[in-house]
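Let me begin by presenting the structure, written as structure tokens, before commenting on it.
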Number of protein chains: 2
Amino acid sequence: MTAATERLLTPGEVANLFRVDPKTVTRWATAGRIGSIRTPGGHRRFRETEVKALLSELTTEATEPVRH
Amino acid sequence: MTAATERLLTPGEVANLFRVDPKTVTRWATAGRIGSIRTPGGHRRFRETEVKALLSELTTEATEPVRH
DNA sequence: TGTTACTCGGGTAATTGGGGCG
DNA sequence: GGTGTCCCAATTACCCGAGTAA
């Protein structure tokens with residue numbers, strides 16, 4: 001099959017990227033805001049590319065210069 | 001390849017650094033004076049490096065020596 | 001096989017966002 | 001123009017015990 005296995009991230013890793021609680025990442029998955037893959041044991045894993053893409057979309061750079 | 005792991009700060013933490021109300025930090029983000037990263041839920045996070053840099057830029061040292 | 005760290009669940013406090021007002 | 005404050009709705013953080021991952 002096609003794709004070389006894509007790198008998966010744990011809830012804790014995703015939580016570190018967004019500076020939120022791992023529980024919060026779980027809620028995002030439950031709410032359908034982010035795709036998730038479940039292990040046979042019930043734990044969630046997330047696609048790194050999807051997470052990074054989400055980060056980029058939600059990132060806004062400063063536009064106004066600093067006034068001294 | 002954008003930077004992956006950068007330490008992020010919550011609005012409350014940034015507010016403590018500047019000694020202002022968290023709402024004020026939100027206004028800075030809205031006005032484009034500071035970059036922000038939003039969670040899928042709508043909350044904001046700020047890059048620590050950017051915040052610290054902003055603090056430094058806006059800091060002015062005394063220029064005249066103390067008279068005795 | 002056993003150890004350690006993490007992630008399930010749920011439930012309840014604490015922050016945050018947004019609008020409007022002085 | 002910029003900031004602090006009050007309102008309310010939504011999102012997020014910390015508590016627990018039990019199960020999974022490596």
Side-chain angles (χ1 to χ4, degrees):
Chain A
M1 301 210 315
T2 7
T5 317
E6 186 174 347
R7 179 144 188 256
L8 297 180
L9 300 178
T10 64
E13 290 171 331
V14 178
N16 283 331
L17 293 176
F18 281 90
R19 182 56 157 93
V20 292
D21 194 90
K23 215 56 159 310
T24 300
V25 179
T26 295
R27 292 198 208 94
W28 295 344
T30 303
R33 296 189 217 257
I34 185 176
S36 63
I37 300 173
R38 312 275 299 220
T39 66
H43 286 197
R44 293 182 193 40
R45 299 283 116 101
F46 305 90
R47 302 175 195 276
E48 185 181 33
T49 57
E50 185 180 357
V51 174
K52 293 283 182 70
L54 193 59
L55 257 178
S56 303
E57 291 178 22
L58 298 173
T59 299
T60 303
E61 301 296 337
T63 58
E64 290 290 328
V66 180
R67 301 195 311 284
H68 295 217
Chain B
M1 332 58 290
T2 358
T5 305
E6 212 174 335
R7 285 216 302 176
L8 300 180
L9 301 177
T10 64
E13 291 170 335
V14 177
N16 284 331
L17 291 176
F18 282 92
R19 277 297 223 139
V20 294
D21 194 88
K23 202 106 180 179
T24 300
V25 179
T26 294
R27 293 195 182 102
W28 294 345
T30 303
R33 293 203 186 92
I34 185 175
S36 65
I37 299 171
R38 306 197 64 149
T39 67
H43 286 200
R44 284 177 247 266
R45 300 281 115 103
F46 304 92
R47 299 192 197 94
E48 185 182 35
T49 56
E50 188 177 356
V51 173
K52 294 278 180 76
L54 197 56
L55 269 173
S56 302
E57 288 186 40
L58 300 175
T59 298
T60 303
E61 298 297 338
T63 56
E64 288 291 326
V66 178
R67 282 186 192 287
H68 296 228

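Numbers restart at 1 for each chain; the letters A, B, ... are given by sequence-line order, proteins then strands.
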Whether [X] contacts [N] is assessed here as follows: a side-chain N or O lying under 4.0 Å from the phosphate OP1 or OP2. Is that the case?
X	N	answer
Arg45(A)	dA22(D)	yes
Arg33(B)	dG2(D)	yes
Thr24(A)	dT11(D)	no

All N/O pairs under 3.5 Å across the protein-nucleotides 19-22 of chain C interface:
from, atom 1, to, atom 2, distance (Å)
dG19(C), O6, Lys23(B), NZ, 2.7

### Query
Does a sphere of radius 6.0 Å around CZ in Arg45(A) hold more than 12 heavy atoms from other residues, nucleotides or ligands, not counting ones at 6.0 Å or beyond?
yes

### Query
Is the number of heavy atoms from other residues, nucleotides or ligands under 6.0 Å of Arg19(B) CZ greater than 12?
no

The side chain of [X] lies closest to which of these nucleotides: [options]?
X	options	value
Arg38(B)	dT12(D), dG18(C), dT7(C)	dG18(C)
Asp21(A)	dT12(D), dG9(C), dA13(D)	dA13(D)
Thr26(A)	dA22(D), dG9(C), dT16(C)	dG9(C)

Find the distance [X]:[atom1] to [N]:[atom2] and express it as a whole number of Å.
X	N	atom1	atom2	result
Leu9(B)	dT16(C)	CG	P	12 Å
Leu58(A)	dT11(D)	CG	P	14 Å
Leu8(A)	dC6(C)	CG	P	18 Å
Arg44(B)	dT12(D)	CZ	P	13 Å
Glu13(B)	dA13(D)	CD	C1'	12 Å

### Query
About how many Å separate OG1 of Thr59(A) and CG of Leu54(A), when rounded to the nearest 0.5 Å?
9.0 Å

### Message
For the CD1 atom of Ile37(B) and the CG atom of Leu8(B), what is their distance to the nearest 0.5 Å?
### Response
4.5 Å

## Note on the structure
dG2(D) -> Watson-Crick or G-U wobble partner, both distances under 3.5 Å, gives none

### Summary
As its Watson-Crick or G-U partner within any shown strand, both distances under 3.5 Å, dT1(C) has none

### Test side-chain contact (heavy atoms from CB on, under 4.5 Å) applied to Val51(B) and Arg7(B), step by step
CA-CA 11 Å; Val51(B) 173; Arg7(B) 285 216 302 176; over 6 Å; no

#### Entry: 5′-ward residue of the pair Pro22(A)/His43(A) relative to DNA chain D
Pro22(A)

### Message
Go nucleotide by nucleotide along DNA chain D from the 5' end; which of Thr39(B) and Trp28(B) gets its closest nucleotide reached first?
### Response
Trp28(B)

#### Entry: Heavy-atom pair of closest approach, residues Phe46(A) and Ala29(A)
CE2-CB, 3.8 Å

## Note on the structure
On a heavy-atom basis, the closest approach of Leu58(A) and Pro40(B) is CD1-N, 3.9 Å

